[in-house]
Amino acid sequence: MSDHLTDLEQMLLLAVVRLKGDAWGAAIQEELEARAERRVSLGSIHVTLGRLEERGLVVSKKGDPTGERGGKARRLYAVTETGRVALDRGRRIMKRLWEGVSPEPGLEP
Amino acid sequence: MSRSARFLDCVLRRLLPEEFADDLVGDLREGYQRRREPGPGGGSGLAAVAWWLREVVSLPYLSLRRQAGRLRAAGVRKEMTFSRGGGVMSALQLRIAVRSLTRRPLHSLVAVLTLVLSVGAGTVVFSILEGVLLRPLPYPHAEQLYLVYGTDASWKSGRSDFMRKLWDRQNVSLAMIASWRKSASGVKEVGAFAPSSVRWDDGGEPIMADGAWVAPGFFTTLGTRPVLGRLPDRDEMTSGAAVVVLGGHLWTSRYGRDPNVVGRTVPLEGRSATIVGVMPADFAVPSDHAQWWAPLPGAFASRTDLAVLRGVVRIAPGVEPATVDTELDAGVESLAVSNPSYRGKGAHTSSLRDEVVANVRQGITLIFWAVVVIVLIACVNLMSLVVARAARRRGELALRSALGAGRASLVGATLGETLVLCAVGGGIGLAFARLLLHPLVAFLVSATPGFPRADDIHIDVPVLLFALALTVGTALLAGLVPAWAASKRSPWEMLQEGRRSRGGRGVRRTQRVLLFLESGLAVVLLVGAGLLLRSELQVSAVDPGFDANVAFVEIQPGRDRYPTPGEAHDVGARAANRVATLPGVQAVGRASTLPSLGGARLTLAWRQGEPPAGAARLATVSADSGYFSTLRIPLLEGRTFTSADRADGEPVAVVSQTLARQMFGAESAVGRLLRTSSNAAETPTEADAETVRIVGVVGDVRELALVLDPDALLYRPLAQSTDRNQLLVARGAGSVAHLVEDARKKVSSEDPNLLVSDSGTLDRAVLRPLAPARTRTFFVGVLSTLALVLTLVGIYGVVAYVVSDRTQEIGVRMALGARAGNESSRVVGVALGPVILGGVVGLGGAAALSGILAGALFEVKPLDPVTYGVVLGLLVFLAAAAAWLPARRAAAVDPMRVLNEE
């Protein structure tokens, strides 16, 4: 499988990075809603993160049990080194593509 | 976390893929909590619920995405779609279904709304049915508990309707209870109680509190333990000690569940009673409103023959209630040996559970069946939609079949859409049910005074299982049959048809059968509702013969303070005079009983000069001079009583119009002489009879719920009777409800120890028995309107389908000279045929089932032609209108364009 990242995957990875160790489902959802103005269902978040975990881009572990969810623990995600490399690669690709493109309407080079 | 929340979590966890289940369910719960809490990012409960629902609805995508991702990885997507055999449902088929549904929003919306309605209504009504009728009562071995009523054979042969109805609903006396305790071997425990309503004035705002005076054995029979404190002990029960046990509701509402309430004292009917214990909130004998229980006061306890109690017994395991009835009768008979007033009397049991729900059983059952009909109509509608959809996909299915797809996979392709629809519709329906249940129950309770077990109505596990079964059942019934039919052709045949038209004759035939079915079902329900409504109109058109807009206070002057009936009457008259001084009071009267409250005495009466063997048993009411004018019972002839009709005066009587006609035909009754004997249980003799002169004739009044025949009533002056209990009635200018409270105060100011056993407004007492029927009719009416709307939606859908399916045919016809209007009518006709046929068959079905309603109808025959005619006419008219809307599109077909397309 290539290490190309989809739009959603990039956003999720970035949200996980931003949340610094407190990245769990509903928090990621709120972060995406607040920063990316994008509504993603919890189901999609978990499925996508699951796929990213299979590819070794994120790791997850159980947090401490909380009373709010009936004594169950949250699953907390963190981005691996591979993940950071993939993110960086995505950013560089985008940057290269943007080179010479004016941010003005019309977008002519 | 509430029980239902935990249950939901559990269900979700089962449905989700294992590796995500815990995290997702946890996130959902936590996310929901965060949204509910006020603060930054938090908000209202509604927003939280909306968020939760949106997340849950999107969950099916989760498994689809996973499956699709795996398939993509394995590169098997195409093989999967057209695989031979394989499972009926695959994730891909679900995914395709979701896509195809979102592409046809209107179709999907109608289907989802139909399901929401069906699952929502079904769930609400089932929760009520389950909580009120099916769940056992909250007492240990509740199935052994029975109430005991007295019987009075002389009432059975009484002349008036209400006496015959009440002959086996008499009260029992303490002597009877004692006799049963001694001799009835089938009875393990026996107790008794007298329901009562008292003024609860413990320093706060005084309220009227329902409760009961209870005889020894009451608490041990029911077997419930108090949640706080203790029950009165044996000595306190037998001596009528001033102690009281609180109900759970009163404890909560009045004392904030204060554990120190035990030991406090409250004034209870003139005595200061000590609170000794608190019962659980679901302890509800004699009614859900019962809020206190206190030992029967000594004044009652010493009068062992006073029949003012209702018995409650726990029968021994394995003993038949019929055997117990025989023993109870024998117990009363043994009393008759020493006391002739027990002759002809007996007792019988009636299961406590039946008694608790007696008022509402018929209504709830009826409403449940109405909902069953709605669910069936919804199923038929959905089926019709699915058939049309399957027809549109015929070409695609044929292609798949030709490429080797197995039948199972074709069924799956069609079933997938139905399953997705049902999951969404069922989920929203359940959410609606949950949202609506409590307001609805609150409405039921306020519309039906005495609605039992309202606290037991919840959406609990059995209800959720019912909703699930309802949804899955609907999906299978509505989806499987058409899906199977759609797959049952040879690929060649299907390809041929698929190209020629999108539907074909088979589909139209199926749709017509479905239209026929739903019209029939709707008519059955509409006829039922129509009959009930007509009956309700007949009841409200009944003139009761009196003005019930009065307040009443019932007093029971005891023998200890008022030894003779004369003294008892005097204290009643003095109390009435005090009430008359209240501002705004226009009229005051007294009588031994009031219309609809029951409890009239029996008198044997025959015309003077005729043999006593032909005597009539008459309900007799003792009344004073103010009674007739207070209740506005019209005087038709002669005079009513005056203060001159005293105990030592000439015995006089006033008769009701019906009685005058029965006894004297067309001749005037005024001035005629009657021989009367108050010993109604005996064969009448001249020896113990007295002669009374009829001085007036008054209008008839209707008893009990107004639906019984007008009574032959004999009125005697209170002063000439031996009745001690009196009902004070007062009519005022202002609010009658206030008058009740003020009148009670005035009565107590005359003698604080005077036992006030009942009070209220007469109109509420009169209307109380009518309320369950009114509520029932209202609900059946609403449900049958829903059924009608669903049917019309179905008709609209079918005609719209026919028009779009036949556009080419219509275009060709119009090109050949057919008029546009004719084309529309032809299309309408296609739908109306099965509707009319279904309607007529439905009338037949309604006629066959109408017997069920016979007992609930008043002055309307179950085969009332007007109702049947109106229902059929209404259905055909509205069906034509519903069909006409889409049919207009047939007229708008442009022949040129159609031919060009061809």
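Below, all heavy atoms of this structure are taken into account, side chains as well, without hydrogens, waters or symmetry copies. Below, read A as the first sequence line, B as the second, and so on, with proteins coming before strands; counting in each chain starts at 1.
- Residues of residues 24-37 of chain A having a heavy atom under 4.5 Å from any heavy atom of chain B, listed by number: Trp24(A), Gly25(A), Ala26(A), Gln29(A), Glu30(A), Glu33(A).
- For Phe432(B), there are no ring pair (Phe, Tyr, Trp, His ring centres under 6.0 Å) partners two or more places apart in sequence or in a different chain.
- Listed in order of number, the residues of residues 10-19 of chain A that approach chain B to under 4.5 Å between heavy atoms amount to none.
- In this structure, CD1 in Ile45(A) is found 7.5 Å from CD in Glu55(B), a value given to the nearest 0.5 Å.
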Legend entry - side chain to side chain contact (heavy atoms under 4.5 Å, CB included) evaluation trace for Leu24(B) with Arg75(A): CA-CA 9 Å; Leu24(B) 250 177; Arg75(A) 180 171 294 279; over 6 Å; no
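- Closest non-hydrogen pair, Lys62(A) versus Asp23(B), comes out as NZ-OD1, 3.1 Å.
- Thr252(B) pairs by the side-chain hydrogen bond (donor to acceptor under 3.5 Å, both in side chains) definition with Arg257(B), not counting sequence neighbours.
- Closest approach of Asp27(B) and His46(A) over heavy atoms only: OD2-NE2, 2.8 Å.
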